[in-house]
Enquirer: 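Handing you a structure now.
In each ligand, atom 1 is the first atom listed, and ligand 1 is the first ligand listed. Residue indices begin at 1 and follow the sequence shown. Scope of the values below: all heavy atoms of this structure, side chains included, with no hydrogens, waters or symmetry mates.
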Amino acid sequence: MRRIRLGVNIDHVATIRNARGEAYPDPSRAAELALVAGADGITAHLREDRRHISDSDIDALAALCRKRGRPLNLEMAVTAEMEAIALAHRPHAACLVPERREEVTTEGGLDVAGQHNRVAPVVANLKAAGIRVSLFIEPDPVQIAAAAAVGAQVVELHTGAYCLAVRERRPDADRLLAALREGAAQAAALGLEVHAGHGIDYETVSAVAVIPEIAELNIGHFLIGEAIFIGLDAAIRRMRALMDAARGEAAA
Ligand code: PXP
């Protein structure tokens with residue numbers, strides 16, 4: 001089976017930095033370390049309220065990824081401001097996400113089906129600038145079809161509901177995993193590259209990574225938390241090994 005890529009989201013290094021208004025810990029240093037530890041790319045979410053990643057972090061991360069020849073995946077809301085920032089930086093990929101200021105984290109997928117006319121021009125403009133466009137959506141057949149219709153090249157399936165159900169030992173975890181499996185198959189059949197992410201930890205990664213159509217996982221919060229105990233390098237290497245084992249490959 002094809003090797004699965006790991007994108008490491010370093011947002012929460014900035015959360016810790018911003019808690020004290022200091023210049024450390026530096027998300028770019030974490031990104032550099034993540035690439036050495038086995039991350040294939042770096043993911044960062046520049047939120048409208050700049051609660052973690054800042055504009056200057058994006059400048060630094062874009063420069064780092066360019067220098068290292070690795071992809072930067074910019075997570076962004078569908079707004080004119082974020083579109084302008086993406087067009088100025090031209091990251092390898094942009095992942096369009098829903099954003100509500102009062103939410104603690106990205107709570108659900110983007111409603112592509114209900115917002116076709118808002119999403120379509122942004123997708124077109126980013127693609128025209130050579131940016132690979134991903135849409136962060138629920139594994140819902142209607143949203144997947146809408147993502148294809150709007151011209152996205154990639155869908156990132158939201159794994160948050162499944163991961164939470166596993167952590168809470170809820171019986172609907174199996175149904176939520178089946179939805180991810182079916183969504184990945186549907187998206188791939190429509191010609192979309194399939195990514196997945198949100199809420200993934202060591203316990204949930206294998207069941208997601210084994211889904212054959214999934215080309216990339218984006219993982220952040222758990223890895224940064226685990227880094228407190230075992231270090232970022234070891235946390236990423238263990239995640240990478242679990243992903244490879246799920247795909248039946250020898251751990252890197
Ligand atoms: N993918 C997307 C689109 C996200 O918005 C996030 C959270 O920023 C992640 C992946 C990573 O989620 P987590 O930090 O829970 O691993």
Side-chain angles (χ1 to χ4, degrees), residues 4-16 18 27 30-31 34 39-54 57-58 61 71-79 82 86 91-101 103-112 119 132-139 143 147 152-167 180 183-184 187 192-205 207-209 214-228 232 235-236 238-240 242-243:
I4 185 168
R5 295 193 303 268
L6 171 61
V8 171
N9 179 317
I10 43 69
D11 291 350
H12 295 300
V13 177
T15 302
I16 297 169
N18 296 358
D40 297 286
I42 298 300
T43 294
H45 185 178
L46 182 67
R47 291 188 75 101
E48 290 185 86
D49 63 9
R50 310 300 199 267
R51 69 176 68 158
H52 38 57
I53 292 295
S54 67
D57 288 328
I58 295 296
L61 291 166
L72 173 65
N73 174 31
L74 175 66
E75 293 177 1
M76 53 177 270
V78 186
T79 65
M82 289 301 150
H92 168 81
C95 181
L96 305 186
V97 303
E99 209 173 288
R100 287 193 305 117
R101 278 176 191 268
E103 71 191 358
V104 174
T105 182
T106 313
E107 281 170 356
L110 189 66
D111 179 15
V112 185
V119 176
R132 207 164 160 74
V133 180
S134 169
L135 302 179
F136 187 46
I137 57 172
E138 295 295 330
Q143 297 297 342
Q153 295 126 313
V154 181
V155 284
E156 180 163 327
L157 300 180
H158 199 314
T159 50
Y162 164 66
C163 293
L164 190 62
V166 170
R167 273 194 284 281
L180 287 166
L192 294 159
E193 181 171 312
V194 186
H195 299 178
H198 209 281
I200 293 174
D201 62 6
Y202 292 152
E203 186 181 12
T204 46
V205 69
V208 178
I214 295 181
E216 177 176 310
L217 299 183
N218 284 298
I219 309 179
H221 185 248
F222 175 80
L223 288 172
I224 303 306
E226 191 65 7
I228 294 169
L232 188 57
I236 291 171
R238 174 142 186 235
M239 190 63 83
R240 176 79 259 167
L242 289 168
M243 289 164 63

Enquirer: So, for A147 and I137, which heavy atoms are closest and what is the spacing to 0.1 Å?
Expert: CB-CD1, 4.2 Å
Enquirer: How far apart are the closest heavy atoms of A227 and A235, and which atoms are they?
Expert: N-CB, 4.3 Å
Enquirer: Show me which atoms of ligand 1 lie under 4.0 Å from any heavy atom of V97.
Expert: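 Taking each heavy atom of V97 in turn, ligand 1 has 3 (C) under 4.0 Å.
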Enquirer: Side chain, backbone, both or neither: which part of D11 has a heavy atom under 4.0 Å from ligand 1?
Expert: side chain
Enquirer: Of all the atoms in ligand 1, which lie at a distance below 4.0 Å from a heavy atom belonging to G220?
Expert: 13 (P), 14 (O), 16 (O)
Enquirer: Under a 4.0 angstrom heavy-atom cut-off, which atoms of ligand 1 come close to E75?
Expert: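 Atoms satisfying the 4.0 Å criterion: 1 (N), 2 (C), 3 (C), 4 (C), 5 (O), 6 (C), 8 (O), 9 (C), 10 (C).
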Enquirer: N/O of F222 under 3.5 Å from N/O of ligand 1, yes or no?
Expert: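 In fact, backbone or side chain, F222 has no N or O that close.
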Enquirer: Short list, please: which atoms of ligand 1 are under 4.0 Å from a heavy atom of N218?
Expert: 10 (C), 11 (C)
Enquirer: Can you name the salt bridge (charged side-chain N to carboxylate O under 4.0 Å, His left out) partners of R5, sequence neighbours left out?
Expert: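 Checked R5 against salt bridge (charged side-chain N to carboxylate O under 4.0 Å, His left out); matches are E193, E216.
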Enquirer: I10 and side chain to side chain contact (heavy atoms under 4.5 Å, CB included): which partner among T15, L61, L223?
Expert: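 Single pass found, and it is L61.
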Enquirer: Considering both backbone and side-chain atoms of H221, is one of its nitrogen or oxygen atoms within less than 3.5 Å of a nitrogen or oxygen in ligand 1?
Expert: yes
Enquirer: Between E156 and ligand 1, which residue portion shows a heavy-atom distance shorter than 4.0 Å: side chain, backbone, both, or neither?
Expert: side chain
Enquirer: Any heavy-atom pair between the side chains of V205 and F222 that's under 4.5 Å?
Expert: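 Not in contact.
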Enquirer: Pairing donors with acceptors under 3.5 angstrom, does anything connect the side chains of T43 and N9?
Expert: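 No donor-acceptor contact under 3.5 Å links the two side chains.
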Enquirer: Check ligand 1 against I219 and write out every atom of the ligand that is under 4.0 Å from a heavy-atom position of the residue.
Expert: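 Under 4.0 Å from I219, ligand 1 has these atoms: 16 (O).
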Enquirer: Taking only heavy atoms of G199, which atoms of ligand 1 are found under 4.0 Å from at least one of them?
Expert: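 Every atom of ligand 1 under 4.0 Å from some heavy atom of G199: 12 (O), 13 (P), 15 (O), 16 (O).
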Enquirer: Taking only residues two or more places apart in sequence or in another chain, which ones pass ring pair (Phe, Tyr, Trp, His ring centres under 6.0 Å) with H12?
Expert: H52, H221
Enquirer: Taking the side chain as C-beta and beyond, is there a heavy-atom pair between I4 and R240 under 4.5 Å?
Expert: yes
Enquirer: Looking at ligand 1, does any of its N/O atoms fall within less than 3.5 Å of an N/O of C95?
Expert: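 Between C95 and ligand 1 (N or O atoms, distance only) the closest approach is not under 3.5 Å.
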Enquirer: Flag H12 as yes when one of its N or O atoms lies below 3.5 Å from any N or O atom of ligand 1, and as no otherwise.
Expert: no
